[in-house]
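Input: a single structure, listed below in structure tokens.
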There are 2 protein chains.
Amino acid sequence: MATRTRRSQRRTEALSRERIVEAAVELLDTVGESGLTFRALTERLATGTGAIYWHVANKDELLGAATEAVVGAALAVEPVAPTTPAAPADSPPDEIRAVALGLFEAIDDHPWLATQLATQLSRSPWGSVTPRIFDSIGRRVRALGVPEDGWFTATSALVHYVLGAAGQNAANSRADGPPKDRAEFLDDVATAWEELDPDDYPFARAVAGQLRDHDDREQFLAGLDLVLAGITALHPPSKPTHPPHTP
Amino acid sequence: MATRTRRSQRRTEALSRERIVEAAVELLDTVGESGLTFRALTERLATGTGAIYWHVANKDELLGAATEAVVGAALAVEPVAPTTPAAPADSPPDEIRAVALGLFEAIDDHPWLATQLATQLSRSPWGSVTPRIFDSIGRRVRALGVPEDGWFTATSALVHYVLGAAGQNAANSRADGPPKDRAEFLDDVATAWEELDPDDYPFARAVAGQLRDHDDREQFLAGLDLVLAGITALHPPSKPTHPPHTP
DNA sequence: ACCTGAACACCGTTCAAGT
DNA sequence: ACCTGAACACCGTTCAAGT
């Protein structure tokens with residue numbers, strides 16, 4: 001294929017951690033997780049392996065930095081309160097939908113994010129990416145009027161749904177093959193599910209049709225609304241939605 | 001949770017795919033994902049690398065088979081309708097809680113499952129593990145009285161929450177270090193969150209206390225109930241869709 | 001059919017040596 | 001301080017050769 005566009009003669013810029021992370025993201029996007037090697041990196045950056053190790057401790061740290069960079073960019077465009085009082089601010093549910101869609105699209109654009117985020121959430125929640133995601137959603141959960149002892153549960157449910165659902169939608173393109181059309185992929189899966197033993201998998205069979213026809217984004221938002229409905233059901237906004245600022 | 005120390009000389013049994021998968025699971029459990037190598041496997045099974053390749057195509061397939069085996073065992077103990085009419089059947093929500101707890105415990109016992117399941121759900125939903133999990137939960141969603149066009153959304157929300165939340169609880173033990181006590185781990189994370197910049201991470205800071213004190217299982221079930229509440233809110237069980245078996 | 005084990009290509013990481 | 005690139009230990013996979 002024509003993916004051999006090698007612009008490795010870019011030695012004008014000095015090597016930096018930023019440039020290394022940037023190249024790592026590009027490699028992950030184009031050749032997948034298995035394609036990110038220090039050798040490929042050195043070729044792309046026209047340098048030696050030792051140079052990379054001067055800026056980055058090891059591959060795990062590089063993967064973490066790549067994840068941070070992409071997630072940071074996705075959450076950076078999150079909606080902020082408008083400066084002009086004329087424009088009405090988004091409602092908390094709408095803001096949550098916007099943040100969730102931002103993460104959805106980031107994972108869609110960078111399928112390796114799904115696995116990487118799952119690893120980071122469980123293995124290194126002290127890093128910046130976990131609190132960043134939790135904060136971005138948790139702030140809006142608070143604005144929904146959820147009482148304090150429900151913050152963590154509600155935010156966890158949202159975060160896990162968002163990352164899990166987005167992860168399942170992405171990554172239909174394998175590293176070792178031509179990326180299939182999304183519709184074709186869904187059709188293959190639906191067909192496989194329809195051919196399962198109806199005694200062992202009655203539900204998968206029954207739902208195969210919905211799988212084939214569904215729209216990813218619509219489906220994602222429907223599930224998000226379901227979780228939001230659960231929050232509202234458990235914490236009905238009886239009072240005015242804005243919590244009083246009195247201590 | 002018996003820590004079984006197995007001697008490597010067990011040459012009485014012939015090599016088989018089953019025995020290879022069993023050894024792979026043991027290696028994954030004891031030395032983590034990076035510890036599963038064909039060399040370690042050959043040593044443990046007292047054989048050569050070629051012998052393993054006779055029964056298993058490659059490492060990916062082996063990882064998939066290990067995942068299947070563990071998930072299959074976890075879902076095999078799922079509650080079945082009691083044979084004696086005297087014992088009342090569990091309600092659908094209780095059954096969903098039981099299945100979810102089974103997966104929670106499987107992931108807790110085998111932390112590598114979290115990443116592996118995320119990969120399988122997105123990359124190979126045609127395999128048996130995805131429809132198995134979806135079916136196990138989806139059957140009960142159906143029993144809740146959810147209308148057909150809501151089956152997939154409700155089941156997806158549940159599955160993604162369960163796998164995500166369970167995955168975050170597990171895997172606090174790194175492969176390259178002594179496994180920390182869970183309480184100590186949570187305390188470390190909470191401390192790290194408390195030390196974040198309050199302007200950038202107000203929510204993470206505010207919620208750090210809940211993080212330190214919470215009980216994993218209780219927290220997991222609270223989130224599950226939140227998603228269940230969302231299902232009930234969106235699909236109120238107005239009429240008894242399924243009259244229970246007349247006693 | 002099932003297994004052996006050397007060989008191959010490739011990978012992450014290190015380090016003495018250069019500027 | 002920053003970079004080079006050979007060297008090392010290790011890994012997944014193959015395959016001619018054995019039973």
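The chains referred to below are lettered A, B, ... by the order of the sequence lines, with proteins before strands, and numbering in each begins at 1. All figures in this text were calculated on a predicted structure; none of them were measured in a lab.
- As judged by a 4.0 angstrom heavy-atom cut-off over every strand, A:Thr49 is placed among the base-contacting residues.
- Formation of a donor-acceptor pair under 3.5 Å by the A:Asp135 side chain with backbone atoms of B:Phe203 is found in this model.
- Take the nearest nucleotide of DNA chain D for A:Arg39 and for A:Thr47: the residue whose nucleotide is more 5' is A:Thr47.
- Taking 4.0 Å as the cut-off between side-chain N and carboxylate O, A:Glu61 and A:Arg17 count as a salt-bridged pair.
- Backbone-only engagement by B:Leu36 is indicated by non-hydrogen atom pairs under 4.0 Å involving sugar-phosphate atoms exclusively.
- Comparing A:Ala51 and A:Phe38, the nucleotide of DNA chain C nearest to each residue sits closer to the 5' end for A:Phe38.
- Taking atom P in both C:dC2 and D:dA17, the straight-line distance is 22 Å, to the nearest Å.
- Partner of B:Arg212 under the side chain to side chain contact (heavy atoms under 4.5 Å, CB included) criterion, out of B:Val189, B:Asp187, B:Leu186: B:Asp187 alone.
- With pairs defined as Watson-Crick or G-U wobble and both atom distances under 3.5 Å, the stems of at least three pairs that touch DNA chain D come out as C:4-8 with D:12-16, C:12-16 with D:4-8.
- Without hydrogens or angle criteria, B:Lys59 side chain to B:Phe38 main chain gives no donor-acceptor distance under 3.5 Å.
- Taking the six-membered ring where the residue is Trp, the centroids of A:Trp126 and B:Phe185 are separated by under 6.0 Å.
- Here A:Arg44 pairs with A:Glu26 in a salt bridge; the nearest charged N to carboxylate O distance falls below 4.0 Å.
- No donor-acceptor pair under 3.5 Å is formed between the side chain of A:Thr155 and the backbone N or O of A:Phe152.
- Separation of the B:Tyr161 and A:Tyr161 ring centroids does not fall under the 6.0 Å cut-off.
- Nucleotides of DNA chain C that come within less than 4.0 Å of any heavy atom of chain A span, from the 5' end to the 3' end, C:dC11 to C:dC15.
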